[in-house]
Amino acid sequence: MPQISQLAGTYFSQIFWMLVFFGLTFVIVGRGMVPKVMATMTDRNQTIANDLAAAQAARDAAEADAASWSATEAAQRASAHDLVAEAKHAAAVATQTRLADTAARLETQIHAAEARIVAARAAALDEFEHVAADLAQDIALRVAGLAVSGDDARGAVKGPFAHG
Amino acid sequence: MAAEPKVDPMHQFTIEPLFGSDNWSIAGHNIAFTNSALWMAMSVALLILFVSGGLRRQLVPGRWQMAVETMTGFVDSMLATSVGPNGKKYVPYVFSLFSFILFANYLGLVPLGLVGLHPYTFTSHFSATGVLSIMAFSIVLVVGFAKHGLHFFSLFVPHGTPVPMIPLIFVVELISFLVRPFSLGLRLFVAMMAGHVLLEVLSSFVITGGNGGPLLFTIASVPSFILMVGICALELLVAGIQAYVFALLTCVYINDAENLH
């Protein structure tokens, strides 16, 4: 077993070179390189964490925007609805007013027309009386040879006319 | 009968000075640049090459950078679960430990024998793993006493120990604490050595059986070879697990020093 049989002659060389090369490993690799590798990893994790945080912030902002937008939309919808309802109401009121006006105007026109009809009727009846009185005067003169005055004739005719 | 080729399963662990460095020494101690040191150097070189691929610092990592970051992240989370937030400062050390052992274990399994080179696993020597485990143990002692002072000794008395039991428990806990550097270093060394010995022994069965005629080849060599394939896969697993276990236990011990109980 060379580990034991050669120990007396080689132990110092073994220990010496082990210290030298492990020391080199520790100084060059352990102290020199590993911290840089670890720093790279830390930086990367930091970058990733920052990016994730930024993404999360952007997402939150976008969600807040969307929420406020939909709130605005709802408000605008509501106000538009109110506007439409108001306009409908106003239109209905206006229509009713105009209908009432028109109805009133028609009523007055109808009344006036009826009055005119009554007047015309009266005038026509009056004309009938005159014609009848003239006819009665004429008939009385021709048939009986009587000269009836206009007023008498009219008085005679009036009776029947008065009864329509 | 011709002399059968002898396969010595222990030969692979022999330490040989290279490049005529046999007589290099510091203060009278031999520091020959051995094959063990060479494989340590190769592990370090490969590790530096590997981790430098993770230094591109891109926001979206490529495959290589991803692999390095997975490994540092693995060590980081291991320390985070074992030690907690205080464990962050040990990442360079535990990462060095874990990756150095991992690369050493895997390098020793590379089938370089196919091209005539002699693969070597320096983690199969307790003189090498012992250095790592004693360093881990020293860190625990230094951190423990620096952070908690003499209160560190309360580590040896778990919460809720009945008063009459305290002396006994203290001794038991102290022994288990002092055994740690040995168990830590021996575990890695034994696991790596056992696997390599097993592969070598099985390969000697394959060769001896092959030389012994068709019958022996069929009943010894073929099953041994199939078993070797499986053991190789197992060794790849063990190489990773032992590096992980070494690093994990170091984390657990550091946790004791950082947080007591």
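Considering all non-hydrogen atoms of both residues, B:S96 and A:G30 come closest at OG-CA, 3.4 Å. In terms of heavy atoms, A:L19 sits closest to B:M135 at CD2-SD, 3.9 Å.
In this structure, the portions of B:S52 lying under 4.5 Å from any heavy atom of chain A include both its backbone and its side chain. Both the backbone and the side chain of B:V51 have a heavy atom closer than 4.5 Å to some heavy atom of chain A. Neither the backbone nor the side chain of B:M71 comes within contact range of chain A, judged by heavy atoms closer than 4.5 Å. Using a 4.5 Å cut-off between heavy atoms, A:I28 contacts chain B through its side chain alone, with no backbone atom that close. Heavy-atom distances place the side chain of B:L132, and not its backbone, under 4.5 Å from chain A. For B:F189, the part lying under 4.5 angstrom from a heavy atom of chain A is the side chain only.
For the atom pair CD1 of B:I48 and CG of A:L24, the computed distance is 6.5 Å after rounding to the nearest 0.5 Å. Within the model, atoms CE of B:M42 and CZ of A:F21 stand 11.0 Å from one another, a figure rounded to the nearest 0.5 Å. The CZ atom of B:F122 sits 9.5 Å away from the CD atom of A:Q14 when rounded to the nearest 0.5 Å.
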Using the ring-ring contact (aromatic ring centres under 6.0 Å, His included) rule, take B:Y93 and A:F22 through it: C-alpha gap first, then chi angles, then the decisive distance, then the call. CA-CA 10 Å; B:Y93 182 78; A:F22 186 69; 5.7 Å; yes

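When the shell of 6.0 Å around CZ of B:F182 is examined, it contains 12 or fewer heavy atoms from other residues, nucleotides or ligands. More than 12 heavy-atom neighbours from other residues, nucleotides or ligands sit within 6.0 angstrom of CZ on B:F50. Heavy-atom neighbours of B:K147 NZ from other residues, nucleotides or ligands within 6.0 Å: above the threshold of 12.
Here A:T25 is the residue among A:V20, A:I15, A:T25 with the most heavy-atom pairs under 4.5 Å with chain B. For chain A, the option among B:G130, B:P92, B:S36, B:G73 with the highest count of heavy-atom pairs below 4.5 Å is B:P92.
When the heavy atoms of residues 34-57 of chain A are compared with those of chain B, the residues falling under 4.5 Å are A:V34, A:K36, A:V37, A:M38, A:A39, A:T40, A:M41, A:D43, A:R44, A:T47, listed by number. Within residues 99-110 of chain B, the residues having any heavy atom under 4.5 Å from a heavy atom of chain A are, by residue number, B:F100.
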